[in-house]
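Here, residue 1 is the first one in the sequence, and each next residue gets the next number.
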Amino acid sequence: MANARDKGAHEDETGDDGPPIAQAIAAAGASGVVIIPHASKGYRLATGSFSGGDYPSQNWSWPDHTAVYPAPGIMVLGNNRFQGVAAGDPETCTARLTNPYTQTCLTATDYKIVMDPASIWAGKHTTNVGMTIGCLPNHRNPNAANLTDSGYLRNWIACTYAEVDTGQDGQSHVSGAGFGSDISTEFLNGTLSVGSSHGIFREINVNVYGAVRDGGITRSDFILSSCGPFAQGTYSGVMSCQESVLSGRSPWGGTTEFSNAIEIGATPFHAAKAPASQINGHGETVYERQGNGGFAIYPRWTNGVLVYGAVNNFVAQGSVEGEGGFSFQARKAGGGVQFSVDKAAGNVVSTGSITAGSYLRAQGALRIDGALGALWEIGTNTGRAQGHLSQAAGSDLYIARRDDEGAVVGTPLSIAISDGAVRIESALRLPRYTVAKLPTCNAEYQGVLVYVSDAHEGRYNSPPVGGGAHALPVFCDGTAWTMH
């Protein structure tokens, strides 16, 4: 352990505390603990090198280069301000990981831990971890006050716990008007910088070695938004949150509302060259040429969320019966809603017109056990009508037009299939032509049955003659139209 004050660091904005702080880092020895006491004016680092931990080349390996200077372990920064060229400039993101107080654009104020697990020999099937926090297995607490409603002893623990409050803001706008300011609080900000080697931002392992006998539910991630009355102080007993109409209530009190509980996004970056065509061709990345040269690269997730190996891949459940909102919602590129699945009845709600072949496509067999409604919309003189496919008694296919309130408009079409024949249970209306307007009867129209509205009386299977007042069916045999 080394103290920077013992090496000559002092509170002087005009002096140079770089050398004594560098000496303290070097003198920390095996403990790797450097203490920089708080100074009201902070410290100025005009000279000194704080770049320990760099390896000679990408081929460096342990134990061939054991003389590489490792980065310091723990730095107690004392909530100090560091200035000077040797300290780096977080405003221009030019600082380094091993700098006494910052990493690129992030400024550490109190504690800084720099670890080098790659410099330790890694054995077979082992993984070097910079820091490990191990908690002994949980067990029941014999305190009688910890009895649950069912009479069992319980003991709730958390292996690690961190807390931050967003605080209160009573500031006004710089003009003196308005109230509040843009103050952002992040509970955890993690960064994985990927170079030529791949990386995983976070790995979560939930190992189940046996049956969970206490009837609990094991979760890898549990996201809960909740609040309740203040337990003490001026606002004791007052609900301190805005309850969400959409989310219902949590077991711990009123539930606050999320805009996005989990949001996945990718930040574009600049590159001198365009991505390879084979990468862009699969949809993982898109790019655009910039006017000042180079390309703006917009990376996309190959899979935003990938689920495999689960009994149920995705389950969305409401909190209360008849709850509003949607279990699933798809949005267009412009942000508008494409379609939704409502929570109350599980109906698929589309906000746009659905055209044949664009929204429902089956490569193999398509089985429908229940009703399939609102497949298309058509315009009528009396207002909007919706086409529906559904089931009805005695029908294999039942098609009806419905109005906005769901009432059937006109006569539905009912089709039954038996013994390889199609039986139409409803009236069938043939297309109408005049004799002069009949299309040429050829192989394309062979087997077509229509009717003409201006036929003279004629015999069965004779050619139709126009100019009359009779409506008669006519049939194309592939060569000529004949009356039937």
### Query
Do the non-hydrogen side-chain atoms of V474 and L438 ever get within less than 4.5 Å of each other?
yes
#### Entry: Minimum-distance pair of heavy atoms, taken over all atoms of N128 and A122
ND2-CB, 3.8 Å
### Query
Do other residues, nucleotides or ligands put more than 12 heavy atoms under 6.0 Å from E288 CD?
yes
## Note on the structure
Exactly one candidate in D110, T107, T109 meets side chain to side chain contact (heavy atoms under 4.5 Å, CB included) with Y101; the answer is T107
### Task
Heavy atoms only: give me the nearest P473-L449 pair and the separation to one decimal.
CB-CD1, 4.3 Å
### Task
State, with a plain yes or no, whether a side-chain heavy atom of M115 is found less than 4.5 Å away from one of M131.
yes
### Message
If we ignore hydrogens and angles and just use 3.5 Å, is the side chain of N312 paired with the main-chain N or O of F314 as donor and acceptor?
### Response
no
### Task
Report the distance from atom CD1 of I204 to atom CZ of R219, rounding to the nearest 0.5 Å.
14.0 Å
### Query
What distance separates I133 CD1 from T160 OG1, expressed to the nearest 0.5 Å?
5.5 Å
### Query
Can you tell if the side chain of S453 reaches within under 4.5 Å of the side chain of T434, non-hydrogen atoms only?
yes
### Query
CG/D454 to CG/L472 distance, rounded to the nearest 0.5 angstrom?
10.0 Å
### Query
In Å and rounded to the nearest 0.5 Å, what is the OG1 to CD1 distance from T185 to I183?
7.5 Å
### Query
So do the side chains of P431 and Y451 get within less than 4.5 Å of each other, counting heavy atoms only?
no
### Atom pair CG/CZ of N461 and F475 - distance to nearest 0.5 Å
9.5 Å
### Query
Picking from V450, V452, V435, what satisfies side chain to side chain contact (heavy atoms under 4.5 Å, CB included) with W481?
V450
### Task
Give a yes or no answer on whether the side chain of D342 reaches the backbone of S327 with a donor-acceptor pair at less than 3.5 Å.
no
### Message
Looking at every non-hydrogen atom in both residues, tell me the closest pair between S340 and F326 and how far apart they are.
### Response
CB-CD2, 3.3 Å
### Message
Ignoring hydrogens, what is the shortest heavy-atom contact between P117 and G130? Give both atom names and the distance.
### Response
CB-N, 3.9 Å
### Query
NE2 of H484 to CG of D477: how many Å apart, nearest 0.5 Å?
7.5 Å
